[in-house]
Amino acid sequence: MNTKVPAPKLSFSTIVERIDRRPYFIAIRRGLALPLPLIMVGALALLLRFPSSAGMRRFLTDTFGSNLNFFCDNLLAATFGIGSLVALYGFTDSLTNLHNQRLGHRQVNPAVATIVVVSCFFTLIAPNDHEALVASLSLDQGLFGAIFVASFGGYLFLKLCSIRFLRLPLNNLSNDPLVGDVFTVMPAGILTILSFAVVKAMLVWAGWSNFIGAFSTLLTAPFLNSSNSLRFGIGYEIATQILWLFGVHGPNALYAVQQNVLAPAALANAAAVASGGHPQFIFTYDFFSAFARMGGSGGTLSLILALLLVSRTVRGRKLALFMMLPALFNINEPLLFGLPIVLNPVYAIPFVLAPVVQILIAYAAIVGHLMPKTGYSIAWTTPALFSGYAATGSLSGTLVQLLSLVVGTAIYAPFVRMAEYLAERKGLEVLASLLRIAESSETNPTAKRCLDLPGDEGRMAMALASDLEDAIKIEGQIFLEFQPQVDLQTGRVFGAEALLRWQHPFLGRVAPPIVVTLADDIGQIDHLGLHILSLACSQRSAWRDVLPDDFVISVNLSPRQLLDREFHQKVIDILHREHLPPSTLELEITESTMLLPDVNAIGNLKRLRELGVKVALDDFGMGHTSLHYLRELPLDTVKIDRSLADVSPGSVNEHIVKSIANLSRMLDLSLVVEGVESEQQLRCLSAIGCNRFQGYFFSRPIAADACRDFVLDANRERRFVA
């Protein structure tokens, strides 16, 4: 009998995550982030160009003069005015890089792809008259066209580039590789541009010579003959929000609705109030400005409040504070492109739902005679809470706005959590990939192991490297945990290894191999190493009157630290500052990364050992020069790598460990076995002559106070006597 196993049900978050991780949406996010500096400057220009009150307008004119509007218009032309073109460039560049990353090599030069797509944009979108041409380049009117062309043009071009017979083998045409890049994909570029030219010819033949204008006319047609009803208001708002989600400035795209329906309704209401009558229409331009677009389209002030209230990350709260000022004046472009919201599957539902619910709240308040209809004209930049009062002439307008903000915040809150959850999962996956790279034995002396990586790993490494430089200087992020070391012969905990920890404010714990590799990549390994050594010695000093005098703190060194000819003096200075005897410090050198022969390295170790500092060789038995190290280095301790700790009678590991134990006794070296995790391992290792151990069987790495208590309790109870 055959039984089918039912397919696992996909949750909403899983579906969103799958969509969000597709190369197209990744490229969209990166493309929309590129014009963000322009958007922030443009938002400031909008605030100055369209002040929220007549008094503010007079103040700005008196302060900056009559040329203020010209100055602001110039800034808007240089920022919002070219925003769609910048987003097109960013999207195409990102999409091409993701394409090359998937193939594992650079098949298409991103600059060439961008030039081809820009040509497609002007071929299809840009009309002949100057005014429409300027509109097609602007962020508020041309973004949808830019995304549309970049999506289809970029994919078509990359697809054609993948066809072998369309690629010209002309890489050796010039010594300049860019020339070869251009000629190789030239047939694909020509075909892509010609394809868009054919589409444009068909549109002109159909009467759509102005693509953006025809598109706007098509969108507004269903609303022009509608009555001023709840159905109209909800439909209009949903349409504007969906357009925004696809990068189209909804209110601008439906400007004909505002001009022919909402503005006349607002004028009629204002005239009625002025004559002592009652306003007739609920849905006016001022109604939507005051009750559906607090913070801008989408009720995004509620999203900012949700970020401030429920975000668990410093980044989320900082982003909210950064976007708060423009949002207070209903300018939401920084948030739409900085978060971003455009084509973001996580925020699609609340971005449409929140303003619709806010409209229903305001509509219910008016129908229930709890709030008057809007009868006063307000500027669209009038801040929330005040705009409700100004548009209705009643404090009840402010109270309705306050309720709407609370409800909108509640709608956005779970999606903020979901976005952070998905970002955290993605971050952890990239961190895991970085960890594999950092722990790999492959090295390239001419490249940085993490910073030179392509794709998400490289970007994560760059961001972490920048954060690491600050973390080394800021107290608290870089700290130590300690793993006790046990001697079964005496039954005492004789020491502890100090282990590096980095608590990143957004990603949480970052694995030590990543931290060390990044520090090495950015040339901060010396600073990091001294910082760790200083922290370890400071902690040992704090334990001076609590733990035995011969309790030893072990600290790992990087090879680069030992190459500094003054390193020994820096260690001595730290010991003197903390008033520690040198015998309480043990410096661990990793065999797999130690640089020999080097005069400075050996000299530093010899000088320190002469003063009483202990020297340990970590990961012994994993390299190819183990015996050479024993002969060259001034050692006190050999630490057997955890990969050899899993011994069984007659196994290869047993013979290796037994040989190392015998050799250590002959050379009068202390032997410590790392990575002991079970009682069986401990029995087998003890049977072949090992007495000193470190591993999870005894204790995981623990905080300083917990380590102190562990040592005191274990030594008092003689817990580890063999």
Side-chain angles (χ1 to χ4, degrees), residues 215-266 268-269 279-303 330 332 336 341-342 344-345 347-375 378 380 384 387-388 391-392 396-397 399-412 414-415:
F215 181 67
S216 180
T217 302
L218 185 66
L219 291 173
T220 54
F223 300 100
L224 293 179
N225 298 319
S226 300
S227 61
N228 197 291
S229 62
L230 179 61
R231 180 178 178 183
F232 160 79
I234 297 297
Y236 169 71
E237 188 60 26
I238 289 175
T240 60
Q241 298 309 106
I242 291 176
L243 288 171
W244 257 126
L245 283 173
F246 286 92
V248 182
H249 192 299
N252 283 2
L254 300 177
Y255 180 72
V257 179
Q258 177 183 323
Q259 190 176 34
N260 297 312
V261 179
L262 299 179
N269 280 7
Q280 176 184 356
F281 300 103
I282 292 179
F283 294 104
T284 67
Y285 173 75
D286 301 309
F287 175 90
F288 285 100
S289 294
F291 299 107
R293 295 168 188 166
M294 291 177 286
S297 291
T300 44
L301 190 57
S302 294
L303 172 55
N330 306 315
N332 66 350
L336 291 176
I341 290 177
V342 174
N344 188 330
Y347 287 108
I349 290 177
F351 187 68
V352 175
L353 181 62
V356 169
V357 172
Q358 290 170 339
I359 285 175
L360 290 173
I361 291 172
Y363 180 84
I366 292 173
V367 172
H369 304 291
L370 301 175
M371 180 182 75
K373 298 182 179 74
T374 57
I378 60 172
W380 64 271
S387 62
T392 62
S396 59
L399 294 176
V400 169
Q401 281 188 313
L402 187 61
L403 174 62
S404 297
L405 282 174
V406 171
V407 173
T409 302
I411 291 172
Y412 272 112
F415 294 92

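Here the structure is a predicted model, which means the values were calculated and not measured.
- Here the CD1-CD1 distance, from Ile366 to Ile361, works out to 12.5 Å after rounding to the nearest 0.5 Å.
- Between the CG atom of Leu370 and the OG atom of Ser396 there is a distance of 8.0 Å, given to the nearest 0.5 Å.
- Between Phe287 and Phe291, the ring planes are tilted. Angles from 30° to 60° get that label.
- With Ser297 contributing its side chain and Arg293 its backbone, the two residues share no donor-acceptor pair below 3.5 Å.
- With respect to Leu301, the side-chain contact (heavy atoms from CB on, under 4.5 Å) criterion is satisfied by exactly one of Thr409, Asn330, Leu405, Asn332: Leu405.
- Although no hydrogens or angles enter the test, the distance criterion places a donor-acceptor pair under 3.5 Å between the side chain of Thr300 and the main chain of Gly295.
- In this structure, Tyr285 OH and Gln258 CD are separated by 5.0 Å, a value rounded to the nearest 0.5 Å.
- In this structure, Tyr412 and Gly299 approach most closely via the heavy-atom pair CE1-O, 3.7 Å.
- For the pair Gln401 (side chain) and Gly388 (backbone), a donor-acceptor distance under 3.5 Å is present.
- Residues Gln280 and Asn269 approach most closely at N-OD1, 3.1 Å, considering heavy atoms.
- Using a 4.5 Å cut-off on side-chain heavy atoms (C-beta onward), Ser387 and Trp380 make no contact.
- A donor atom on one side chain and an acceptor atom on the other are found under 3.5 Å apart for Thr284 and Thr374.
- Separating the CG atom in Leu336 from the CD1 atom in Ile341 is a distance of 5.0 Å, to the nearest 0.5 Å.
- Across every non-hydrogen atom of Gln358 and Ser404, the tightest pair is NE2-O, 3.1 Å.
- Residues Gly233 and Ile359 approach most closely at O-CD1, 4.2 Å, considering heavy atoms.
- Here the side chains of Leu262 and Tyr236 are in contact, with some heavy-atom distance below 4.5 Å.
- Note that the CG atom of Leu230 and the CG atom of Leu360 stand 6.0 Å from one another [nearest 0.5 Å].
- A distance of 9.0 Å separates CG of Leu402 from CE of Met294, quoted to the nearest 0.5 Å.
- Here the closest heavy-atom approach between residue Phe281 and residue Ala268 is recorded as CE1-CB, 3.8 Å.
- Using cut-offs of 30° and 60° on the angle between ring planes, the pair Phe232 and Phe283 is perpendicular.
- The two residues Pro355 and Ala292 have their closest heavy-atom pair at CB-O, 3.5 Å.
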